[in-house]
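Note that this is a predicted model, so its numbers are computed, not measured. Just so it is clear: chains get the letters A, B, ... in the order the sequence lines come, proteins before strands, and each one is counted from 1.
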There are 2 protein chains.
Amino acid sequence: MAKRISHMHSMCGVARPLDAIGDWWSLLIIRDAFDGLRRFGEFQRNLGLAKNILAARLRNLVAHGIIDSVPASDGTPYQEYVLTEKGRGLFPLLVALRQWGEDFFFEPDEAHVLLVDRKAGLPVRRLELRSQDGRVLGPEDTVVRSPPVSPAKARSKPGRSGGARNSGRGPESG
Amino acid sequence: MAKRISHMHSMCGVARPLDAIGDWWSLLIIRDAFDGLRRFGEFQRNLGLAKNILAARLRNLVAHGIIDSVPASDGTPYQEYVLTEKGRGLFPLLVALRQWGEDFFFEPDEAHVLLVDRKAGLPVRRLELRSQDGRVLGPEDTVVRSPPVSPAKARSKPGRSGGARNSGRGPESG
DNA sequence: AGTCCTGGTTGCTAATTAAAACCACATATC
DNA sequence: GATATGTGGTTTTAATTAGCAACCAGGACT
C-alpha cells in the first residue's frame, strides 16, 4: 500500500493526515463520496481507475476510518461506502483545493463548474483563515507553535520533540 | 514524473490541482516553504527525502509555477526556491489539512503544535465555508454547478461535457 | 441452463520511486 | 597548494507500485 512518507522523523500534523488519505485517487474518491456516490461501481465508472486500485484505496480509507463500509441500503448483497465523521471533516480541504483550482487552473474564459450555496444558488465565499478577533490571516500572520505544556503532561511524551523548542519559525513546523 | 491521474476523463477542478502539486512530498515541500525554508539542503534535511526525489519534485513544482527558482540572495552561486503567488494560494489548503489533522490524528492528551495568530498569540479560528450572506455551509449545503453559459462561449468548448447537464448532484462533479 | 451485471481478487509487466554512489563547484583549512 | 568539507545536484540501480487483463463468485434475468 505505498511506502508513502511514513518513516518521516516527526510525522507532524500535516504529514500524518497525508499518510492516512493515501494518495490522490483517495482524495478523488472522497470527493465523489461527498457528491453522493456510494457504490464500488459508481466510483469506478466515475473515476475510471482500475478495480484493484479502487478496491485497495477503499480498503485503506476504511482502515483509516475515513470511509465506512456498510451493507447496501437497497437490498442488494453488496457494500456501500459512506463517509465517516472523520471523512466529512475533509470538506474544507476539498473546498480549498477546488478554490485553488478555480483560481489558477482555468483560463479566464474557460468555463468550469463552481461551488454554489444550494439554498441561495450563489457561489460560496472564499475560504479565509481568521484570527479569534476576526482578522483575515495570511501565511505571514501565523506561526506554528507548541501549546503551553501543562506540568502533568510534561513528562508523558518524552520521545517526541514537541515540548519546548521551536516556538518560532523553522523546521519541525508540524 | 509519475503517471498520475492525468488521463482522467474530465480533469475537473479538483483533479487538475492535484496533478499540478504532484504528490505528498511536494505538499510537504510547500509547507516547508511557507515556513521560510528556501534552500535545497534545508528541504532535504528537514524532510529527510532522497536528493533525487527532492530535485524532481522541485523541478515539477517550478514547472507548474508553484515555486520559483531564483538566484540565492546570500551571494552563493546557488538557487533558492520561493513560493509564487500560485504557491502561496495553497495556504488555505494546508491549513485545512492541518486542522483536520488536529481534529482526528492526535490523542486527546497528545501534545501537538498548533497554528497561532502571530500577532495575538492565540490559536487561529477554524476554517469555515460561508455563503455570500454569511451562513456556515456544510457538505450538504453546497452543489457543484456549471456557471450560466454565456451564448458566446456556448460553442467554444464542444469537447468538454461541462455545458448543460449536471446542474445537480452526480458524477462529473468537477 | 445460459448470460449478464455487480463487486471484487489474482497475476503479470511496465513504469516509478527512492537509496546510494558519484560528480562538480565553491569555500574553508592546513 | 593540497586537502577536507558543504552544497546542489545527476546517474545508477534495485525494489515497489500501478494498472491492465483475466478470472471468479453470487445474484438476477431470459
How many Å lie between [atom1] on [X] and [atom2] on [N], as a whole number?
{"X": "A/Gln79", "N": "D/dG26", "atom1": "CD", "atom2": "C1'", "value": "14 Å"}
{"X": "A/Asp74", "N": "D/dA28", "atom1": "CG", "atom2": "C1'", "value": "13 Å"}
{"X": "B/Asn52", "N": "C/dC23", "atom1": "CG", "atom2": "C1'", "value": "14 Å"}
{"X": "B/Ile53", "N": "C/dT16", "atom1": "CD1", "atom2": "P", "value": "13 Å"}
{"X": "B/Leu28", "N": "C/dA18", "atom1": "CG", "atom2": "C1'", "value": "16 Å"}
{"X": "B/Glu80", "N": "D/dG9", "atom1": "CD", "atom2": "C1'", "value": "16 Å"}
{"X": "A/Ile29", "N": "C/dG8", "atom1": "CD1", "atom2": "P", "value": "12 Å"}
{"X": "B/Arg57", "N": "D/dG9", "atom1": "CZ", "atom2": "C1'", "value": "15 Å"}

Inset, instruction - State whether A/Trp25 places a side-chain N or O below 4.0 Å from either non-bridging phosphate oxygen (OP1 or OP2) of D/dA18. - result: no
Inset, instruction - Respond yes when some side-chain nitrogen or oxygen of B/Arg38 is under 4.0 Å from OP1 or OP2 of D/dT7, and no when none is. - result: no
List for me each residue that meets salt bridge (charged side-chain N to carboxylate O under 4.0 Å, His left out) alongside [X], sequence neighbours excluded, and say none if there are none.
{"X": "A/Arg38", "value": "A/Glu80"}
{"X": "B/Arg130", "value": "B/Glu128"}
{"X": "A/Asp68", "value": "none"}
{"X": "A/Arg88", "value": "A/Glu85, B/Glu140"}

Inset, instruction - Scan residues 65-73 of chain B against DNA chain D and write down, sorted by residue number, each residue with any heavy atom closer than 4.0 Å; if none is found, say none. - result: none
Legend entry - For A/Ser69, side-chain contact (heavy atoms from CB on, under 4.5 Å) partners two or more places apart: A/Val62, A/Gln79, A/Tyr81
Inset, instruction - For A/Phe40, enumerate each residue passing the ring-ring contact (aromatic ring centres under 6.0 Å, His included) test, keeping only those at least two apart in sequence or located in another chain. - result: none
Legend entry - Nonpolar side-chain network containing B/Val82, other nodes, edges under 4.5 Å: B/Val70
Inset, instruction - Looking at every strand, decide which applies to B/Tyr81 at a 4.0 Å heavy-atom threshold: base, sugar-phosphate, or nothing. - result: sugar-phosphate
Inset, instruction - Select one nucleotide: of D/dG19, D/dT10, C/dA18, the one nearest the side-chain heavy atoms of B/Arg59. - result: D/dT10
Inset, instruction - Let me know which of A/Leu27, A/Ile67, A/Asp23, A/Ile21 forms a side-chain contact (heavy atoms from CB on, under 4.5 Å) with A/Arg57. - result: A/Asp23
Inset, instruction - May I ask you to say whether B/Glu110 pairs ionically with A/Arg16, meaning some side-chain N is under 4.0 Å from a carboxylate O? - result: yes
Measure all distances between protein nitrogen or oxygen atoms and nitrogen or oxygen atoms of nucleotides 4-6 of chain C, and list the pairs falling under 3.5 Å.
from  : atom 1 : to      : atom 2 : distance (Å)
C/dT6 : O2     : A/Tyr78 : OH     : 3.3

